[in-house]
Structure formats: structure tokens, C-alpha cells
Visitor: 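A single structure is presented below for examination.
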Amino acid sequence: MIVTPSDFSAWRDVYKIAAGSILPRPIAWVSTVNAAGTPNLAPFSFFTVASANPLTLMFTPLMTDDEGSLKDTPRNILETEEFVVNITNESTAAAMSRSAKAMAPGQSEFGYAQVTPAPSKFVKAPRVAEAPVSYECVLSQTIQVGNKHGSGLVIMGEVVAIHFADGIYDRETGYIDLELLQPIGRLSGSQYAHITDLFEIERG
Ligand SMILES: Cc1cc2nc3c(=O)[nH]c(=O)nc-3n(C[C@H](O)[C@H](O)[C@H](O)COP(=O)(O)O)c2cc1C
């Protein structure tokens, strides 16, 4: 079978093809503050590394209507030019999912998700104390891809500090302890994958 995006009248049907086949996806659990300082927390699985030097992360909040309205996270980032990407895992997955609840602007998801805001070193946005790894980021650029419901505002941020839970990172070997990290992957809808059944392939 072959389809083209223009075969579909609803953008959500095209989204479902991507969300159901481009997986498992990592999740950026993004904390921000608005100009008044109220914290906000939300997950985004359109997420990857944009550059290793300078270390830069990128994720994509989608617009919420045909006027190009933004979710609270990108709105806060455009106001403050800062954010934290927290990594979620097995022990924080339920809280991460709760934090996706749409709340009124100015209301914080930290309390609703039952996670603890901890101070960051360089940015005003708090990090999630329970997260195994948190990346403090300063906005470096945005790329707007369309201006309709479901269009993306790609957000890139240069990493200025990285926090690790005790024991996760070995500075001598440079390795992250996968068993302590307990990563998860997002599938489609409300399904997630454990990263436990590993295999190796010899390098070519
Ligand atoms: C695991 C997961 C991944 C998500 N990924 C995205 C994403 O990549 N882009 C997006 O716009 N929304 C995504 N969402 C939905 C947002 O988290 C949700 O709209 C949230 O309410 C936005 O919060 P905010 O308005 O506080 O920024 C995801 C939700 C979940 C549970």
C-alpha cells in the first residue's frame, strides 16, 4: 500500500501514522516558568539531540488550533528563553503521564503530577527532583513548520548544565548506568516500552 499525506482530510490521521511507526520515542519532560515565575511541566516525545557540539536538544510542541496557538511550554520558553529537559523513566512514568494534563496557564503541573521542583543552577525553571537526569537549556533557535492545528514549533536549546541522580553517571568511564537509569520508550497512544530486552550487533 502507498498513501500520500494529501489523501487524508484530517491531520490527525497522518499524525497517527508517524506516532504509530516512528517509535519507541524518547520523552523530553520539559519544565519551564512563565514571566511571572509560575512553573510548568509537560512531556514531549517529538524529541531528539540536535547537536553534540555544542550539546543541543530539540523537541516539538504542536500548535493547538488553526490560529497557530501555542501550548504553555513553548509560550513560556519564548518569554524566558530557558527550559529544563528532564529524562523520565520507570519510576517517574506515571507522574510524567499525569503532567500531560491540560491545565490553565499559570497553574503548575508539579503539584498535580506529585513531583518535586528542585532549583536549577543556571536557569530559572526548576528541574524535577525525582528525574534521573536533567538538562538545563538556554533557547538557541526555533523553527516554525506550518501555522495550522498540528503544525510544529521546533525548539532547540543549548545545554548549560546536566544533573544526575546518584550513581547514574561514571565520570571516569563516561558511561551512564542503564540499569539505574531504567529508560522507557513511548509507543503510540498510552503505550510505553520497557528497555530491558537488549541485543548487540557488531560494528561494521
Ligand atoms: C508521552 C507524551 C508525549 C507527548 N508528546 C508531545 C509532543 O511531542 N508534542 C506535543 O505537542 N504534545 C505532546 N504531548 C502532549 C502534551 O504533553 C500536552 O499537550 C500538555 O498538556 C502540554 O502542556 P503545556 O500546555 O503545559 O505545555 C505528549 C503527551 C505525552 C503523555
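We count ligands from 1, going down the list as the structure has it; atoms in each ligand are counted the same way. Note that the numbering runs from 1 along the sequence shown for the chain.
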Visitor: Of the protein's non-hydrogen atoms, which lies at the shortest distance from atom 3 (C) of ligand 1, and what is that distance?
Guide: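 Among all protein heavy atoms, the one nearest atom 3 (C) of ligand 1 is R186 NH1, 3.1 Å.
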
Visitor: Looking at D72, which atoms of ligand 1 are within less than 4.0 Å of one of its heavy atoms?
Guide: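 Checking each atom against D72, I get 24 (P), 25 (O), 26 (O), 27 (O).
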
Visitor: Mind checking whether F83 and F59 have parallel, tilted or perpendicular rings, split at 30° and 60°?
Guide: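 If you compare the ring of F83 with that of F59, the planes turn out perpendicular.
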
Visitor: What is the closest protein heavy atom to atom 8 (O) of ligand 1, and at what distance does it sit?
Guide: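 Looking only at protein heavy atoms, the one closest to atom 8 (O) of ligand 1 is F46 N, 2.9 Å.
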
Visitor: When you measure from the heavy atoms of R25 to every atom of ligand 1, does any distance fall below 4.0 Å?
Guide: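 Per 4.0 Å heavy-atom rule, R25 does not contact ligand 1.
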
Visitor: Which heavy atom of the protein is the closest neighbour of atom 15 (C) of ligand 1, given with residue, atom name and distance?
Guide: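 Here the closest protein heavy atom is K71 NZ, 3.7 Å.
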
Visitor: Between M103 and ligand 1, which part of the residue brings a heavy atom under 4.0 Å of the ligand: side chain, backbone, both or neither?
Guide: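 Looking at M103 and ligand 1, no heavy atom falls under 4.0 Å.
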
Visitor: How far is atom 9 (N) of ligand 1 from its nearest protein heavy atom, and which residue and atom is that?
Guide: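 The closest one turns out to be T60 O, 3.0 Å.
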
Visitor: So is N40 polar-close to ligand 1, meaning N/O to N/O under 3.5 Å?
Guide: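 Yes, at least one N or O pair falls under 3.5 Å.
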
Visitor: I want to confirm something. Looking only at heavy atoms, which of F44, Y192, F59 is nearest to atom 1 (C) of ligand 1?
Guide: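 Among F44, Y192, F59, the closest heavy atom to atom 1 (C) of ligand 1 comes from Y192.
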
Visitor: Regarding atom 17 (O) of ligand 1: of the candidates A42, S45, P43, which has the closest heavy atom?
Guide: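 Selected option, by shortest heavy-atom distance: P43.
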
Visitor: Nearest 0.5 angstrom please: I22 CD1 to R186 CZ, how far?
Guide: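 Reported to 0.5 Å precision, the distance equals 13.0 Å.
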
Visitor: Please check whether S99 reaches ligand 1 - meaning an N/O of the residue sits under 3.5 Å from an N/O of the ligand, judged on distance alone.
Guide: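 Such a contact does not occur with ligand 1.
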
Visitor: Go through it in stages, so that I can follow the logic: the residues are E136 and H163, the test is side-chain contact (heavy atoms from CB on, under 4.5 Å), and I'd like the CA-CA distance, side-chain angles, deciding distance and then a yes or no.
Guide: CA-CA 8 Å; E136 294 188 30; H163 301 252; 2.6 Å; yes

Visitor: So is P61 in contact with ligand 1, going by heavy-atom distances below 4.0 Å?
Guide: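 Under 4.0 Å: yes for P61.
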
Visitor: Can you report which non-hydrogen protein atom sits closest to atom 27 (O) of ligand 1, along with the distance?
Guide: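 Ranked first by proximity to atom 27 (O) of ligand 1 is T73 OG1, 2.6 Å.
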
Visitor: How close does the nearest protein non-hydrogen atom get to atom 18 (C) of ligand 1, and which residue and atom is it?
Guide: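 For atom 18 (C) of ligand 1, the nearest protein heavy atom comes out as A100 O, 3.6 Å.
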
Visitor: Taking distance alone, with N or O pairs closer than 3.5 Å, would you say L41 contacts ligand 1?
Guide: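 Checking ligand 1 against L41, no N or O pair falls under 3.5 Å apart.
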
Visitor: State yes or no: do L70 and M103 share one hydrophobic cluster built from I, L, V, M, F, W and Y residues joined by side-chain heavy-atom distances below 4.5 Å, directly or via other members?
Guide: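 Shared cluster, no.
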
Visitor: I'd like to know if the side chain of N89 reaches the main chain of L181, judged simply by a donor and an acceptor atom lying under 3.5 Å from each other, with no hydrogens or angles considered.
Guide: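 Yes; judged by distance alone, with no hydrogens or angles, the pair exists.
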
Visitor: For atom 11 (O) of ligand 1, which protein heavy atom lies nearest, and how many Å away is it?
Guide: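 Scanning the protein heavy atoms, the shortest distance from atom 11 (O) of ligand 1 goes to L62 N, 2.7 Å.
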
